[in-house]
J.: 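What follows is a single structure, and I will ask about it in a moment.
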Amino acid sequence: MHEEFPTDEPAVVTCGLPYANGDLHVGHLRTYVSGDALSRALARVGQDVAFVCGSDMHGTPIAVNAAEEGVDPESFALEHHERIRETFPQFNVEFDNYGHTHDGTNTELTREFVRSWIDGGHVLEKEIRVAWDAAADQPLPDRFVEGTCPYCGEDARGDECDEGCQRHLEPGEIEAPVSTITGNPAEYRTRPHKFLRLSDFQAYLQGFLDRLEGTANAQNQPREWIEGELQDLCITRDMDWGIDYPGDAAGDASDAPEAGDSTETDLVLYVWVDAPIEYVASTKQYSERVGADEYDWEAVWKNRADGGEIIHVIGHDIIQHHTVFWPAMLRGADYNEPRAVMACGFVNLDGEAFSTSRNRAVWADDYVESGLHPDLYRYHIVTGSEFVADVDFSWDGLQERVNNELVGTLGNFCYRSLLFAERNYDGTPDAEVSEEVREEIEAAIEAFHAAINDYRVRGLGQVPLELARFGNEYIQRHEPWKLTDDDPEAATQVIRDCVQLSKALAVLMEPVLPGKAETLWNQLGEPGSVHDTRLEDALAAPPDAFDEPGELFDQLDDGTVERLDAQLEARIEAAADDAADDAAADRADTETDDADSADTAADAGADADRTETETDDADAADADTMDVDPIANDRVPFEEFTDLDLRVAEVLSADPIEGADDLVRLEVDLGVETRQIVAGIRQLHDLESLPGTRIVVVANLERTELFGVESDGMLLAAGEQADLLTTLGEAEPGTTVQ
RNA sequence: AGCGGGAUGGGAUAGCCAGGAGAUUCCGCCGGGCUCAUAACCCGGAGACCGGACGUUCAAAUCGUCCUCCCGCUACCA
């Protein structure tokens, strides 16, 4: 489908936008280092390429955190933006442009996108229920509300179920909502919002995924999302931090006169709208800085006929946004589609997940302060595993890779070669490169090309190591130190080959080890910059003379590793102590605070405890069935109980819902009327035997729709097996349960 | 429940898409060599019947089916 790199069209490599809400850790950096390496590699093979990114400045977490600190969101985000921006060079991650989503370029471009969607008829308005803080009299978009995930029951915040199933939550979905502003239970109010009609792009997206390159997970994972009818994406939020929805500014005179302080009634765009557009905006800024002759952003993004090569490098947690929402957004605005999405796995810390809340993390600053060269981290993280797989970071692991591979193999070969050459020949000995070595270098170049075209950044790091391995073998096999006296000509040949191999290594290692490549390049006495080389330069003759080289890599000694480990341990423990204190405080809070969240907090605590401390009890009880949940501490007033309208009902029919695994559509007789109720009991009951059964239902539960079927009420059942509540006597359908 | 990914010598990994001499690399273990090199480098050896079971094939770690276990994802709330 696509031609191989390098192509005639310009390319752009982007990385997922860091959120301007905190610092980067070595897990985040995997994406940026990988993107940087890929972009450098593309340049080495002669591809015209830009590497861009920017900070994600909007969204409710920033608004929430800024409010907590008592500063305005803009300066809050800008401060983090600067910190993040300054972090990248410390890891040799060099963006051609690094902007942010709040700048003029992105704001303008985002509005253009949205206007295109409006013009194209892809935007519709719907009235939806949004969480509302009655006390503060304001809407509660996304992270301004916390509650329970409607899908998995875990604690969730805002637009995602961060603790549980990780689902994207649309506004209004979260249950038992609580305002993060006042801590009060939130209510729901109906508000008008704008939606992007994703279903318009259903067929297009199917084809898009067939064409998409990159990693397999990015291509396969979205398949099921686009199989069913795509839900409309709510693209607006009730808040004032963000980019204003452009429709209002243009037309609705009724809304706000221009004065500006209309506060909470303003609609801004959902953060996931303007965030990816920053990819375009940042490219545009780069283009404007260097001139369109040098790099033309429109050729990449806009010219559909022979568009450029758009490559997104992301973490696999945001595949959905990049393979469904984003291509639809681009398509709707008549922009080019991505050629490739590369989604990497997570970085674990000593085998366990990072936890920023528990401070179980190695922050970018920690690494910088360790004094270790950034290229060591780069090599470790890029070659530590296949891109799609998770990779482990530990100081031990780093030490092993560094000492064995970078010091022992790569550094040692270059050092012994150049040192020998300098001592005996004052530089490159006078001879032609042997056929064997030339072929070896050519094979490495070939492997390098293959790695790029397969989107395997790992290969970019492996290729130079393999060539160095060959080098060590080669020099050992020929033992030039024995030949200098016996057979000077043969010695000259061998060393000439080794110097050439070193030069090839400098070129080939540049993407993953840019700093060390530069050092090696300079040791060879090369004029120019290794960052401007092409792969072919690996075969060109090095300068005749160069100075005595230094050691390319230093050993990472045990003392340093122990110190770094101890430092990490100490911090995890300190954080654990804090967390224990917090948890205790939380428990105290919830006892006196609102009843709703106390329930969930207590449950979560009980679950966690159970796995660790109550195993004995579990054994004593009927172990393979279940534990009995502790009785809830919180007493509810009788009035609250009477709010529930419980009734006896008789099942009239029970039919499975097509396409669902668990859901059953029940018709029940409530005495005064017949109701339709949906329940997830398909796997647990023989549906044919249900009609005639008397059950108990909550008759005044809010209506909802499950799998497209309306459910008007809820049946009551006990335990995992959904043992149905029924009546002992002859209570007629419709009888109130009290 | 479905989908995606994974299960390979003591540990960590490659190979599987394009099936063919009992399998890569790093660590660890045993033995040897070399001494230009950062106790680095090179060579040799022990050690896995490639999660389990069927099947396709002259031939399977590699293809197919089923199963077990792990991880991730998804619009099903009794």
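In the text below, chain A, chain B and the rest are named by the order of the sequence lines, each starting its count at 1. Values reported hereafter were calculated over all heavy atoms of this structure, with side chains retained and with hydrogens, waters and symmetry mates removed.
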J.: Return the value, rounded to whole Å, for the distance between atom OH of A/Y474 and atom C1' of B/rC34.
T.: 18 Å
J.: State which of B/rC36, B/rG15, B/rG72 makes the closest approach to the side chain of A/H316.
T.: B/rG72
J.: So which nucleotide from B/rU35, B/rU38, B/rC26 ends up closest to the side chain of A/W481?
T.: B/rU35
J.: Over all strands shown, is A/L552 touching base, sugar-phosphate only, or nothing at heavy-atom distances under 4.0 angstrom?
T.: base
J.: Closest approach to the side chain of A/N404, judged atom by atom: which nucleotide of B/rC27, B/rC73, B/rC42 is it?
T.: B/rC27
J.: Counting the atoms with a prime plus P, OP1 and OP2 as sugar-phosphate, which does A/E479 contact under 4.0 Å by heavy atoms, base, sugar-phosphate, or nothing?
T.: sugar-phosphate
J.: For B/rC73, what is the paired nucleotide under Watson-Crick or G-U wobble rules, both distances under 3.5 Å?
T.: B/rG2
J.: What does A/Q555 touch in the nucleic acid at a heavy-atom separation under 4.0 angstrom: a base, only the sugar-phosphate, or nothing?
T.: base
J.: What is the base-pairing partner of B/rC49, counting Watson-Crick and G-U wobble geometry with both distances under 3.5 Å?
T.: none
J.: Counting heavy atoms not belonging to A/D430, are there more than 12 under 6.0 Å from its CG?
T.: no
J.: Nearest to the side chain of A/R416, heavy atoms from C-beta on, is which of B/rC27, B/rC41, B/rA40?
T.: B/rC41
J.: For the side chain of A/E386, counting heavy atoms from C-beta on, which of B/rA14, B/rA37, B/rG11 is nearest?
T.: B/rA14
J.: A/R458 side chain: which of B/rA40, B/rA14, B/rA37 is closest?
T.: B/rA14
J.: Please report the distance, rounded to the nearest Å, between CG in A/N348 and C1' in B/rA12.
T.: 14 Å
J.: Strictly below 4.0 Å: does A/R477 bring a side-chain N or O up to OP1 or OP2 of B/rC43?
T.: no
J.: Between A/F413 (CZ) and B/rA37 (P), how many Å, whole number?
T.: 15 Å
J.: Side chains of A/Y415 and A/Q523: do they bring a donor and an acceptor to under 3.5 Å?
T.: no
J.: Of the candidate nucleotides B/rA40, B/rC26, B/rC34, which contains the atom at the shortest distance from the side chain of A/K482?
T.: B/rC34
J.: Expressed as a whole number of angstroms, how long is the span from A/I475:CD1 to B/rA40:C1'?
T.: 12 Å
J.: Respond yes when some side-chain nitrogen or oxygen of A/Y415 is under 4.0 Å from OP1 or OP2 of B/rA37, and no when none is.
T.: no
J.: Considering heavy-atom distances to RNA chain B, does A/R423 or A/V388 have its closest nucleotide positioned more toward the 5' end?
T.: A/V388
J.: Can you tell me, in whole Å, how much space there is between the C1' of B/rA40 and that of B/rC3?
T.: 49 Å
J.: What's A/N217 touching, base or sugar-phosphate or nothing? Going by heavy atoms closer than 4.0 Å.
T.: nothing
J.: Once the angle between the rings of A/F325 and A/H321 is folded into 0 to 90°, is it parallel (under 30°), tilted (30 to 60°) or perpendicular (over 60°)?
T.: perpendicular
J.: Please tell me which of A/F553 and A/R456 maps to the more 5' nucleotide of RNA chain B, matching each residue to the nucleotide holding its nearest heavy atom.
T.: A/R456
J.: Give the nucleotide from the list B/rC26, B/rG4, B/rC41 with an atom nearest to the side chain of A/Q476.
T.: B/rC41
J.: Over all strands shown, is A/Q462 touching base, sugar-phosphate only, or nothing at heavy-atom distances under 4.0 angstrom?
T.: nothing
J.: Applying side chain to side chain donor-acceptor pair (under 3.5 Å), run through A/D558 and A/Q399 and close with a yes or a no.
T.: CA-CA 8 Å; A/D558 294 343; A/Q399 180 189 35; 2.8 Å; yes
J.: Just the rounded figure in Å: distance from P of B/rC34 to CG of A/D486.
T.: 15 Å
J.: Grab the CG-P distance between A/L398 and B/rC26 for me, whole Å please.
T.: 18 Å
J.: Does the A/R496 side chain pair with the main chain of A/V433, one donor and one acceptor, at a distance under 3.5 Å?
T.: no
